[in-house]
**Q** 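Below is a structure I'd like to ask you about.
Not measured: the values here are computed from a predicted model. We name chains A, B, ... by the order of the sequence lines, and we start the count at 1 in each one.
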Amino acid sequence: MTAHYSALLIVVPLVVAFMVTIAGWIDKRWCFPLSAAALLATFLASVGVLAEVQQNGVVEYFMAGWEPPVGINLRVDHLNGIVLVAIAAVALLNLLGTRPIVEKTYADRLGAFYTLYILLVTGLLGITATGDAFNLYVLIEIAALTGYALIGMGPGRASLSSLNYLFMGTVGASLYLLGVGYLYLATGTLNMVDLAARLPEIYDSRLVLSAFILCLAGLCLKMGFFPLHAWLPNAYAHAPSPVSSLVAPLVTKVMIYVMVRVMLTVFTPVFAFERLQLGGSMVWLAVIAIVAGSFLALSTRRLKRMLTFIIVAEVGYMVGGFWLGNRAGISGAILHIVNDAAMTFCVFLAAAAIQQRNEGETIDDLQGLFAKMPVTMAVFVVGGLSIIGVPPTCGFFSKWYLISGGLAAGHYGFVAALLFSSLINLVLFFRIFEIAFFEPFTDHHGGHGHGGEGVHGVAIEEAPLQMLVVMVTAAVMLFALGLYAGDIVEGFVTHVIPAGIL
Amino acid sequence: MEAILSSFLTKYNYWVFIGLVMIGLYALIAKRNLVKKIIGMNIAQTAVILFYVSIGAKQGSTIPILDSSHGHDAHHAVQAIDYINPLPHVLMLTAIVVSVATLGVALALAIKVYQQYGTLEEDEIQAQIDKT
């Protein structure tokens, strides 16, 4: 059983996804328990794999017993081990937390919704676990296609945004596929480790250089790296709330993981950092991404849209940190993949709860919300503080690593951009806190309620209990990730970074 | 000139695939009609598939099916040079499925957009969005 954990991680949700469809035809009440059981099993398997990785190092699984380079393998090491746990945890928590919204909004399409949800998670887990470059493409498309469908289920502009996302996403994936084709042409293999072994002899070949550029361009498009981010804000902001709190924390982060994987394992740092000397320019692009993302976030007054622009800036953090090419920078980038998944999940879930109670979607509609939804707003504050980077939340620690990486590399532009973005985030979130806390709730409708601590006699209209429990768990996770940040870096991240990098 | 011509003639499959990708991307970027964009996207995807298929082919080789019915050379070692490389073709079976699925989802979304706005022209949709 333990030997199969890494395969079960993908097989269980894949099989259950189809069972959920069938359950949707027979009795809709079975959809949610089945999905929850599958994701719980997935989460336990991911923790099992991580424990095994920590004990014995890299876990390899040969699908159907075919060894690479002939067969497809799953390869879990310290890097994707923690990403797998993060994906499984966020997916499970989001499934549990958003149940009230989903059952209200998609009562007639529960089977379809949960099937797509689970297939999306399967795709993301597969992307993270696979050790095969072509298999990666297929799984990227599985995750993307289910994502388009889920986003397209939303109201209003969702289908148009989803279609634009589909155009951009398909171009990105096709570029990556083309890059893999060039690599196959150059080496005759598709296995990542095998590729890394065969590439050094032909580093000077223009074919390898084109493959590198195509892969990187495709991945940058998929992760929403400014200026290739145009699809992201619309798709994530117009998606149904239960979907945006799944895709916003996970999809971009998984694509950044893929970039780290492709650079560290396939092309190796020798090629990416030393041969091409690409680090400096990529970090400057990241600086532009961070500054632009921050300004765009400042320019909108719609809550979810603002949060999506923060994601654009955060993508810049991780890409920039990685391309600094030193130990602290790469550690910060990898740590931030996990931390950003947790804190984005936290704020998006809170935003989902707010939007469910509150019809408006601009931040001016949040007046007096602290009195009305104290727990939700407390969770939102914790998430906001983490995105700003206030200790002891986890956002502080990854930002600390990123900044010390920037200082060690002597890249002061990146350091300045990080500090600038933190300041903007401070403004963004305190603007919301101020509106929600100080300005009184204008609706006197609830004045006669005896809801307890309502400041202006406003009745407490909290989100459903199930959602609150999950939100509070997510908020506590931010502190836990912060307190254990050192252990995560010591225990996992340092093993990922190749020996040659200082 | 001669060098360019010979590179064109000997590697025409690459030129064809590049041309098709460019046609697809052009349609995707320049066309304002959503269905035309979808067609462009599909052309670009198909071009990548054709690229993969073409790299498996070799001059003077045959399809990779071992013919053991002749008996006398059944124990003969298989010469890879005699057969075209089947791996890219097998990979493309998956990629074709992916591209069909993408096309399906894209058309489904286009139908939803049409039901919502009553048009598939991007300008008109944008005008409707700006109005509200």
**Q** Given a strict heavy-atom distance threshold of 4.5 Å, which part of Ile129(B) is in contact with chain A: side chain, backbone, both, or neither?
**A**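 When you check distances to chain A, only side chain atoms of Ile129(B) fall under 4.5 Å.
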**Q** Taking side chain as everything from C-beta outward and backbone as N, CA, C, O, which of these in Met168(A) sits under 4.5 Å from a heavy atom of chain B? Side chain, backbone, both or neither.
**A**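 Contact with chain B: none, neither part.
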**Q** List the atom of Gly152(A), the atom of Lys112(B), and the distance in Å for their closest heavy-atom pair.
**A**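 Taking every non-hydrogen atom into account, O-NZ, 2.5 Å.
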**Q** With a 4.5 angstrom heavy-atom cut-off, is it the side chain or the backbone of Leu28(B) that approaches chain A, or both, or neither?
**A**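 Contact with chain A: side chain only.
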**Q** Side chain from CB out, backbone as N, CA, C, O: work out which of these in Thr102(B) comes under 4.5 Å of a heavy atom of chain A, or both, or neither.
**A**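 Contact with chain A is through both the backbone and side chain of Thr102(B).
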**Q** Assess whether side-chain contact (heavy atoms from CB on, under 4.5 Å) is satisfied between Leu87(B) and Leu190(A), documenting all intermediate values.
**A** CA-CA 10 Å; Leu87(B) 185 72; Leu190(A) 289 166; 4.3 Å; yes
**Q** Counting only heavy atoms closer than 4.5 Å, note whether Ala101(B) contacts chain A via side chain, backbone, both or neither.
**A**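 Both parts, heavy atoms under 4.5 Å.
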**Q** Just one of Tyr14(B), Phe51(B), Tyr52(B) clears the ring pair (Phe, Tyr, Trp, His ring centres under 6.0 Å) bar with Tyr182(A), so which one?
**A**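 Among Tyr14(B), Phe51(B), Tyr52(B), the one that satisfies the ring pair (Phe, Tyr, Trp, His ring centres under 6.0 Å) with Tyr182(A) is Phe51(B).
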**Q** What are the two closest heavy atoms between Pro88(B) and Tyr184(A), and how far apart are they?
**A**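 Heavy atoms of Pro88(B) and Tyr184(A) come nearest at CG-CE2, 3.7 Å.
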**Q** Which answer fits Leu34(B), side chain, backbone, both or neither, if we ask what part of it has an atom under 4.5 Å from a heavy atom of chain A?
**A**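 Both parts, backbone and side chain.
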**Q** Using a cut-off of 6.0 Å, state whether more than 12 heavy atoms not belonging to Glu201(A) lie near its atom CD.
**A**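 No, the 6.0 Å shell around CD holds no more than 12 heavy atoms from other groups.
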**Q** When rounded to the nearest 0.5 angstrom, what distance separates OG in Ser159(A) from OH in Tyr114(B)?
**A**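 With rounding to 0.5 Å, OG (Ser159(A)) is 14.5 Å from OH (Tyr114(B)).
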**Q** Is Thr94(B) close to Tyr137(A) at the side-chain level, that is, under 4.5 Å between some pair of heavy atoms?
**A**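 The answer is no; the side chains never approach within 4.5 Å.
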**Q** Among Ala144(A), Gly156(A), Gly188(A), which residue has the highest count of heavy-atom pairs closer than 4.5 Å to chain B?
**A**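 If we count pairs closer than 4.5 Å to chain B, Gly156(A) comes out on top.
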**Q** Which of these, Leu166(A), Leu163(A), Thr146(A), sits in a side chain to side chain contact (heavy atoms under 4.5 Å, CB included) with Val105(B)?
**A**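 Of the listed residues Leu166(A), Leu163(A), Thr146(A), the side chain to side chain contact (heavy atoms under 4.5 Å, CB included) partner of Val105(B) is Leu166(A).
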**Q** Yes or no on side-chain contact (heavy atoms from CB on, under 4.5 Å) for Glu122(B) and Asn164(A), after CA distance, side-chain angles and deciding distance?
**A** CA-CA 11 Å; Glu122(B) 264 194 323; Asn164(A) 280 327; 3.9 Å; yes
**Q** Select one option (side chain, backbone, both, neither) describing which atoms of Thr170(A) are under 4.5 Å from chain B's heavy atoms.
**A**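 It is the side chain, since no backbone atom gets that close.
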**Q** Specify the closest pair of heavy atoms between Gln45(B) and Glu141(A), including all atoms of both residues, with the distance to one decimal.
**A**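 For Gln45(B) and Glu141(A), the tightest heavy-atom pair comes out as NE2-OE2, 4.2 Å.
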**Q** Tell me, out of Val97(B), Leu25(B), Ile55(B), who's got the most heavy-atom pairs with chain A below 4.5 Å.
**A**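 Of the candidates given, the most pairs with chain A belong to Ile55(B).
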